[in-house]
Trainee: 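Below is a structure I'd like to ask you about.
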Amino acid sequence: MPTYDYQCKSCDHRWELFQSITAKAVRKCPECGKLKAQRIIGPGAGIIFKGSGFYQTDYRSDSYKKAAEADRKAQEPAKSDSSGSSDKADSKPAKAAAKSGGED
C-alpha cells in the first residue's frame, strides 16, 4: 500500500497517509477539520541497488553458464584460424601477382 501526501487548502497543513490504492482521497483536514484537503502528487521514491544480483547475468543457471562457456571456447579457435589463414592467403597472391606483372 502506498503513502500519499495531502495538503489542506484552508490552513496549508501537510501530512502523509498510508492507504490502499483503491481508497478514496481524504477530504477532511485533521488540523482544522475543514473539507479542503487535497492529495498531492509527489516525486516518488528512490531505489538504491546494493550488492550483486541486479544484473540479468547474475541470475543465470549453472547449466546455462556451462553451455555459454563451451560455446565461447568453441568459437575462439575458429575465429583465430579463419583470420590467420585469410591474412596468409591474401599476402601470397599479391606477391605472385607482383612477380608475374613485372616479367611481362
Side-chain angles (χ1 to χ4, degrees):
M1 288 197 321
T3 303
Y4 292 101
D5 292 325
Y6 284 91
Q7 181 176 4
C8 179
K9 287 189 167 193
S10 179
C11 67
D12 285 336
H13 176 67
R14 290 181 149 229
W15 73 97
E16 293 180 344
L17 188 61
F18 185 70
Q19 63 185 141
S20 172
I21 293 174
T22 58
K24 292 184 178 182
V26 173
R27 300 288 297 149
K28 187 175 181 179
C29 175
E31 191 74 20
C32 67
K34 294 184 180 177
L35 297 175
K36 298 277 186 166
Q38 190 174 29
R39 189 182 287 174
I40 300 171
I41 297 173
I47 299 173
I48 299 173
F49 295 107
K50 292 184 178 181
S52 65
F54 296 106
Y55 296 98
Q56 182 179 6
T57 55
D58 290 344
Y59 294 107
R60 300 286 186 174
S61 65
D62 288 334
S63 62
Y64 178 87
K65 290 177 184 176
K66 288 177 185 176
E69 182 70 21
D71 286 345
R72 186 180 60 81
K73 287 181 180 179
Q75 290 177 357
E76 283 180 1
K79 287 181 181 177
S80 64
D81 288 344
S82 65
S83 65
S85 62
S86 66
D87 290 341
K88 292 176 185 176
D90 290 342
S91 63
K92 288 180 182 177
K95 289 179 184 177
K99 289 180 183 178
S100 64
E103 294 174 5
D104 286 335

Trainee: State, yes or no, whether a side-chain contact exists between C29 and C11 at a heavy-atom distance under 4.5 Å.
Mentor: yes
Trainee: Could you check if a side-chain atom of C32 sits within less than 4.5 angstrom of a side-chain atom of H13, using non-hydrogen atoms only?
Mentor: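 Side chain of C32 against side chain of H13, heavy atoms only: no contact under 4.5 Å found.
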Trainee: Look only at the side chain of Y6 and the backbone of L17, and say whether a donor-acceptor pair between them is shorter than 3.5 Å.
Mentor: no
Trainee: Restricting to non-hydrogen atoms, name the atom on A37 and the atom on W15 that form the minimum distance, rounded to 0.1 Å.
Mentor: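 It is CB-CH2, 3.5 Å.
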Trainee: Under a single-linkage definition using a 4.5 Å side-chain heavy-atom cutoff for Ile, Leu, Val, Met, Phe, Trp and Tyr, are I21 and V26 assigned to the same hydrophobic cluster?
Mentor: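 Yes, it is one cluster - the side chains of I21 and V26 are joined through contacts under 4.5 Å.
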Trainee: Got a salt bridge between R72 and E69, using NZ or NE/NH1/NH2 to carboxylate O under 4.0 Å?
Mentor: yes
Trainee: Nearest 0.5 Å, what's the CD1-CD distance between I40 and E16?
Mentor: 10.0 Å
Trainee: Looking at NZ of K34 and SG of C8, how far apart are the two atoms once the value is rounded to the nearest 0.5 Å?
Mentor: 7.5 Å
Trainee: Give, for atom CD of Q7 and atom CD of Q38, the distance between the pair rounded to the nearest 0.5 Å.
Mentor: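 Answer rounded to 0.5 Å: 8.0 Å.
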Trainee: Drop me the distance from D12's CG to R14's CZ, to the nearest 0.5 angstrom.
Mentor: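 One finds 8.5 Å between CG of D12 and CZ of R14.
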Trainee: Taking ring-ring contact (aromatic ring centres under 6.0 Å, His included) as the test, write out the residues that go with Y4, two or more places apart.
Mentor: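 Y4 satisfies ring-ring contact (aromatic ring centres under 6.0 Å, His included) with no residue once adjacent residues are dropped.
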